[in-house]
Amino acid sequence: MARSKEKDPKEIADWLHWLPKAELHLHLEGSITPATLVELSQRNDAVPLTYDQAANVYDYHDFPSFLMSFKAVTERLVKPVDYELITYNMVRDLALQGVRHAEAYLSIGILYRFARLDVDEVMEAAERGRRRAESEFGTSLLWIIDAVRHFGVEECRKTFLKAAELRKHMPSVVGIGIGGDEARGPAHEFREVYAEAKENGLHLTCHAGETTGAESVWSAINIGAERIGHALTAASDEDLMDVLARKQIPLELNVTSNLKTKSCASLLEHPVRRYFEEGLMVTLNSDDPPFFGANLLEEYILVQREFDFTPEQMREFAANSIEASFLKPERKLQLLGEVEQYGF
Ligand SMILES: [Zn+2]
């Protein structure tokens, strides 16, 4: 009998709560909760939103209306200092879920596109939020600078060059990535800008295989992505599964996100269990938690319960998340030690 069956679900959920873990696929702008939205509104609006009004902004029924909700939330970031607030609140909320380290996407691609705010001022504010939260809660945070693939290669290059410039005086900027519409911005078009980013000392991530087929994951690997975001459709390609297992390329899975965006039709069709059993390097993540209704802790609880993973297997997910992070070796070892020593 699986060990998980011997324990009461509440007991397992409590254990998962303080299991030391890392979040590797989380968008800063998508981490704004209704409570934080109220705080932003109190700062910036003549008539601030009530909590219920703020919560209603997150209501959507299909993908276009999800994008409208996302836009309505992020439009409330009107001053650079707002990024300090959302960063601080994000790290605080992660610490409350037993998250010891996070790597968050910050979309400079969007900032450039809409030219509403100065990128340097935004990054300085976000850094203030990071430093304050790290010292208060002990949860570390690194930045991955995100470009929007369907805005084209040149906008992406501009974003990655900015990331390289920032990295020189902000060591917390560690990597780059592309998100957006995979079909309108296939990864292979970004080979050159990924090579440049690598030369500039940045780690490479790539959203792939979320809304398009396995070929998108192949392209991400071929342009040098060190971690793949979603990789949902890799399951349809045996050769790809072999490569992912052999090379141990970390996959940033987002189960609830895939269900809510309907990229995956039902929970039991999600390949998380199969990936784990076939020896792929899988991590669990929350993507845009308040929009999808599950934070990282809830993601761990859901996956454990629905796929009947044992606590030892859940510990492996947590260890994978630290192993696959872009942390320096000393901090990785420290956190891996915490995972190992966390008793059951
Ligand atoms: Zn994402």
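Counting from 1, the numbers follow the sequence of the chain as shown. Counting starts at 1 for both ligands and their atoms, in listed order.
- Note that Lys158 lies in the cation-pi zone of Tyr112, set by a 6.0 Å cut-off to the ring centre and a 45° limit from the axis.
- Between Leu280 and Met241 there is a side-chain heavy-atom pair separated by less than 4.5 Å.
- A pairwise comparison of heavy atoms in Leu284 and Leu296 identifies O-CD1, 3.2 Å as the closest pair.
- A cation-pi contact, defined as under 6.0 Å to the ring centre and within 45° of the axis, links Arg113 to Phe151.
- In this structure, Lys21 forms a cation-pi arrangement with Tyr300, its terminal cationic atom sitting closer than 6.0 Å to the ring centre and no more than 45° off the ring axis.
- Summarising the geometry of Gly177 relative to Asp146, their closest heavy-atom pair is O-OD1, 3.3 Å, with the distance given to 0.1 Å.
- Less than 2.8 Å away from the Zn ion (ligand 1), the protein contributes these N/O/S atoms: His25 NE2, His27 NE2, His207 NE2, Asp287 OD1.
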